[in-house]
Amino acid sequence: MPMKIKLGISACLLGEKVRFDGGHKLDRYITETLGKFIEFVPVCPEVECGLGVPREAMHLVAAPDGPRLVTVRSGVDHTERLLAWARKRVVELEQEELCGFIFKSDSPSSGMERVKIYSGKGMASRTGVGLFAREFMRHFPLLPVEEEGRLHDPGLRENFLERLFTLKRWRDTLALGPKPGHLVEFHTRHKLLIMSHSPKHHKLLGKLVAQIKEIPLPEFCERYQTLLMEALRLKTTIRKNVNVLLHIMGYFKKNLSPAEKEELLEIIDEYRKEYIPLIVPITLLNHYVRKYEQPYLKAQYYLNPHPIELKLRNHV
Ligand code: SF4
């Protein structure tokens with residue numbers, strides 16, 4: 001069995017009692033469902049920088065040179081302490097080879113976006129980023145990041161997990177050598193997945209792969225990985241998926257009977273109208289891939305991108 005995907009996570013989401021009041025924020029979807037495929041590397045910025053449990057609650061306060069991390073009641077400023085720790089911690093985390101991070105929402109240390117910043121008059125705007133989350137995203141700009149609350153949105157969850165699994169496969173490919181043959185195979189198997197996120201990147205990556213013999217391999221890998229992660233960051237849409245489904249259907253031009261073609265087009269149209277989830281046309285296409293033996297399509301991650309237990313592509 002391949003090694004699990006390694007993912008950084010705000011420690012309280014795993015049930016660790018590290019919150020200011022000694023509590024936790026266990027998220028069972030994360031621990032029980034994702035936990036089957038993921039090895040978590042817990043990080044609690046406030047405890048790891050030495051603030052202890054319990055501790056006074058903190059929030060972000062607006063200041064001319066950027067928000068400060070300040071205790072709510074006594075007004076102690078912990079910004080420098082947390083930032084000094086965060087800068088060291090992100091360098092240590094390089095060793096872990098993380099494929100991404102799940103942050104605890106709304107936290108002045110761990111929140112990824114829309115964290116409240118208070119002004120002197122007690123007013124708050126939701127424009128902040130937790131201090132550790134900001135440092136992490138600056139240090140690892142290409143890594144997929146999400147918050148636990150957003151993972152309950154099926155579309156955002158799917159996008160995040162697709163990026164994690166693809167990055168893991170890319171790293172596993174690099175760990176083999178890397179050799180041009182393996183890199184080209186990686187690209188070939190991900191073509192339709194990339195197309196479903198960004199037809200533009202699909203073209204750019206195709207051009208890059210065509211030049212693989214002319215570019216030094218380390219430079220090729222760097223450029224390929226950057227474009228790949230940029231592509232997958234763009235969300236799939238119904239229109240992009242319909243485009244890919246019709247493209248796949250083109251491979252069966254000579255195999256399908258008129259009645260089969262009509263049925264497949266009807267199903268794709270029902271998906272387009274949002275009556276049925278993407279998994280339905282995908283399942284039918286997978287049936288034809290097996291029936292008519294299409295090795296190129298059989299190898300496509302688009303048709304089988306994640307472990308089935310995650311029940312993705314199942315929403316309308
Ligand atoms: S939100 Fe972040 S800082 Fe707060 S308890 Fe959780 S991991 Fe620790």
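Source: prediction; values computed, not measured. Both counts, for ligands and for their atoms, begin at 1 and track the order of listing.
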**Q.** E135 bridged to R138 by N-O distance under 4.0 Å
**A.** yes

Q: Quick one: look at V43 and ligand 1, take heavy-atom pairs under 4.0 Å, and tell me if it's side chain, backbone, both or neither.
A: backbone

Q: Please could you name the atoms of ligand 1 that A11 approaches to less than 4.0 Å, counting only its heavy atoms?
A: 7 (S)

Q. Atom 2 (Fe) of ligand 1: which protein heavy atom is closest, and how many Å away?
A. S110 OG, 2.3 Å

Q) For Y29, is the NZ or CZ atom of R157 found under 6.0 angstrom from the centre of its six-membered ring and inside 45 degrees of the ring axis? A) yes

(Q) Could you tell me if R169 sits above the aromatic ring of Y301, with its cationic atom closer than 6.0 Å to the ring centre and no more than 45 degrees from the axis? (A) yes

Q. Under 4.0 Å from any heavy atom of R55, which atoms of ligand 1 are there?
A. 5 (S)

Q | Short N-O contact, D106 and K25, less than 4.0 angstrom | A | no

(Q) I need the atoms of ligand 1 closer than 4.0 Å to a non-hydrogen atom of E46, numbered in the order shown. (A) 3 (S)

(Q) If we count only N and O atoms by modelled type, under 3.5 Å, do the side chains of E46 and H78 hold a donor and an acceptor together? (A) no

Q) Should V18 be listed as contacting ligand 1, given a heavy-atom distance under 4.0 Å as the test? A) yes

Q.
Side chain, backbone, both or neither: which applies to K17 and ligand 1 if a contact is any heavy-atom pair less than 4.0 Å apart?
A. neither

Q. Quick one: nearest non-hydrogen protein atom to atom 6 (Fe) of ligand 1, plus distance?
A. C12 SG, 2.3 Å

Q) How does K104 reach ligand 1, if at all, at less than 4.0 Å between non-hydrogen atoms: by side chain, backbone, both, or neither? A) side chain

Q: For atom 8 (Fe) of ligand 1, find the nearest protein heavy atom and state the residue, atom name and distance (0.1 Å precision).
A: C44 SG, 2.3 Å

Q. Hey, are the side chains of Y251 and Y292 touching, using non-hydrogen atoms and a 4.5 Å cut-off?
A. no

Q) Could E92 and K88 be called an ion pair, given the rule that one side-chain N must be under 4.0 Å from one carboxylate O? A) no

